[in-house]
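Below is one structure, written out as structure tokens; comments come after it.
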Amino acid sequence: MTRRLLVGRGLSALATALIPTTLTLAVLRTHGHESGALGVVLACELVPLLVFLPVGGVLADRLRPERVILLADLVRCLAQVAIGAELVAGSGRLAVLAVLSAVSGVAIAFGMPAVPRLVAALVPVADRLRVNARIGVVTSVSGVAAPAVAGGMAMAVGPGWAAALTGLLFAGSALTLGGIRTSGDVAPENRRTEARENRRAEAYENRGAEAYENRGAEAYENRGAEAYENRGAEAYENRGAEAPDFRGAEAPDFRGAEAPDFRGAEAPAYRRTGASADRRTDASADRRTGASANRETAEKRFGRELAEGWREVRVRPWFLRSVLGHGVWHLTAGLFLTLGPLTAVAHLGGEGAWVLVAQAGTAGLVLGVLAAPRLPILGPISAAAGTTRMRRPIVVVQVAAALYALPLAALAVPAPAWVIAGAYFAAMCGLGVLSPLWETVVAQEIPEGALGRVRSLDQLISFAARPFGLAVAVPLAGLTGTTGLLLAAGALVAAANLAAIVRTPVEPPRAAPRRRSPAPGPRA
């Protein structure tokens, strides 16, 4: 099953990495060097992805992950095949490419949060770091190979056939990952964690409710007894005196005069003419009310599930701080990948210098992914289970992310090409360590039933930050200068990621800290 998971993730990663290069070449070939046309197509994929990621997180936790992935990859397959057909036909209409790109973006938003849930459901805790490292290797190699594959196919047979190949890869991913069968339940250890959290929450609420009810009941009983005794005698005497006259005088006349006319004249007509109409009116009203209630219930359920996912984030400050640090990392990566080629061409001797830097980063990424499960800072957490766990995993993750300050500072000088290449090698090696370790820690610390919603927040911040960095790099460099911008970015990425570990406990909390019950107030 692990092999099938690796094959499916490799196919999906390669297909996903092919899309940007294929779309870029297709738009440039059909619409010339119009930056506006290319920006529209790429934005039509990115914007729906960002909008629908929270929805995808909710569905990933509500449905079986393999079914969500199957549907998402099939939709992406159809979208890419349609793009290929449009390009092979020779039209390449911008509106069609934009709509199909938007469909792909929505499918990515629904499929991505389900992947961590699938891994957590299939892989035991003791093997997750090793499996995540293998997935990281496959993903890294796919990301490196995809531009060359897409460019070679576009030059040889055209971008339309490259898009068709992308669709076939998504079909293979759908059949591979979608064919995996999970139980649909969360893992036993996560069920126990959720049960403990629910019991704690219920105990706190029950204690508060009981205290309030007990105080309220005692106060009501104490005051009510006196009031009842004082008023009871007068009320009884008054009713005893007045009631005989009322019953003796008024009641016979009412029953004798009014009641027969009402029953005899009006009631039959009401039954004959009004009952069926009222039943129809009530039935239609019930149907309208029921449909509205169902819609309201679905909306409330979705909002409640989103709120529960946010609660899982809020009670784990280490996760939110780390995710924000990773968002800064993606932002500065966008700056580096935009200004790096420009600086290499202007000051480092040409395009060859940037190729050296990029290849050094690729080598560092692969080496870091391979080294992650072999790090010597592992300690036993359960001798009976034979599993291992990093003593301070979040510290390692955040320090690895902070290493990205090195190439930013080297490029700001700018240092010689080989120095920048070495710094970028170290930074990408840190990323290689970060990726599988982060996947493993999050899957272990977040309850499986909330993993899709929590990871969708992580992915949302990452996907939004990288394009933003790419977009603002040149304008900001024009305002502040390349050196100042890169130095500020290096300081920011180091500070944001190291600040996330200042107060990180050795064992990240699994649940919100228990609060004291409010002290009981004075009894009335």
Side-chain angles (χ1 to χ4, degrees), residues 13 128-130 132-144 318-319 321-337 339-340 356-378 389-412 415 417-443 458-459 461-463 465-466 469 486-502 504 508:
R128 281 180 190 167
L129 181 57
R130 176 175 53 84
N132 282 326
R134 292 181 179 179
I135 293 175
V137 171
V138 171
T139 304
S140 302
V141 172
S142 300
V144 172
W318 61 270
F319 177 84
R321 293 197 300 265
S322 299
V323 166
L324 293 177
H326 299 169
V328 174
W329 185 98
H330 281 279
L331 173 66
T332 57
L335 299 178
F336 181 82
L337 294 176
L339 300 178
L356 173 65
V357 173
Q359 294 302 322
T362 301
L365 177 63
V366 175
L367 179 63
V369 170
L370 291 174
R374 298 174 175 82
L375 291 175
I377 48 176
L378 296 174
R389 181 177 182 182
M390 204 165 285
R391 292 189 180 93
R392 295 295 300 271
I394 300 301
V395 172
V396 178
V397 167
Q398 297 308 112
V399 170
L403 289 177
Y404 208 78
L406 298 178
L408 290 167
L411 186 65
W418 65 270
V419 175
I420 299 176
Y424 195 49
F425 174 88
M428 296 304 288
C429 186
L431 176 63
V433 172
L434 182 154
S435 297
L437 185 55
W438 176 251
E439 295 283 346
T440 304
V441 171
V442 172
D458 184 4
Q459 294 161 350
I461 293 176
S462 298
F463 276 110
R466 176 72 68 92
L486 290 173
L487 288 177
L492 181 62
V493 72
N497 284 281
L498 295 179
I501 61 177
V502 171
T504 299

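Residues A465 and G327 share a closest heavy-atom pair of CB-O, 3.2 Å. The nearest pair of heavy atoms linking G432 to A372 is O-CB, 4.3 Å. Closest of all the heavy-atom pairs between L129 and P436 is CD1-O, 3.9 Å. Residue F425 comes nearest to L367 through the heavy atom pair CZ-CD2, 3.6 Å, listed as atom of the first residue, atom of the second, then distance. What you find for V369 and A133 is that their closest heavy atoms are CG1-O, 2.9 Å. For the residue pair A415 and I420, the shortest heavy atom distance occurs at O-CD1, 3.4 Å.
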Carefully, step by step, assess N497 and H326 under the rule side-chain contact (heavy atoms from CB on, under 4.5 Å). CA-CA 7 Å; N497 284 281; H326 299 169; 3.6 Å; yes
Evaluate the criterion side-chain contact (heavy atoms from CB on, under 4.5 Å) for residue pair V399 and L498; output intermediate values, then yes/no. CA-CA 6 Å; V399 170; L498 295 179; 4.1 Å; yes
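For the atom pair CZ (R128) and CD1 (I135), the distance works out to 11.5 Å, reported to the nearest 0.5 Å. Here the OG1-CZ distance, from T332 to R466, works out to 8.5 Å after rounding to the nearest 0.5 Å. We find the CG-CG distance between L339 and L408 to be 9.5 Å, quoted to the nearest 0.5 Å. In this structure, CD1 on I501 lies 10.0 Å from CZ on R321, to the nearest 0.5 angstrom. With values rounded to the nearest 0.5 angstrom, Y424 atom OH is found 13.0 Å from L403 atom CG. A distance of 12.5 Å separates CG in L487 from CG in L492, rounded to the nearest 0.5 Å.
The aromatic rings of W318 and W438 stand perpendicular to each other, their planes meeting at an angle above 60°, with 30° marking the opposite boundary.
Residues F336 and V357 have side chains in contact (heavy-atom distance under 4.5 Å, counting atoms from C-beta outward). In this structure, S322 and I394 have side chains that are in contact, with non-hydrogen atoms separated by less than 4.5 Å.
Between the D458 side chain and the V323 main chain, no donor and acceptor come within less than 3.5 Å of each other.
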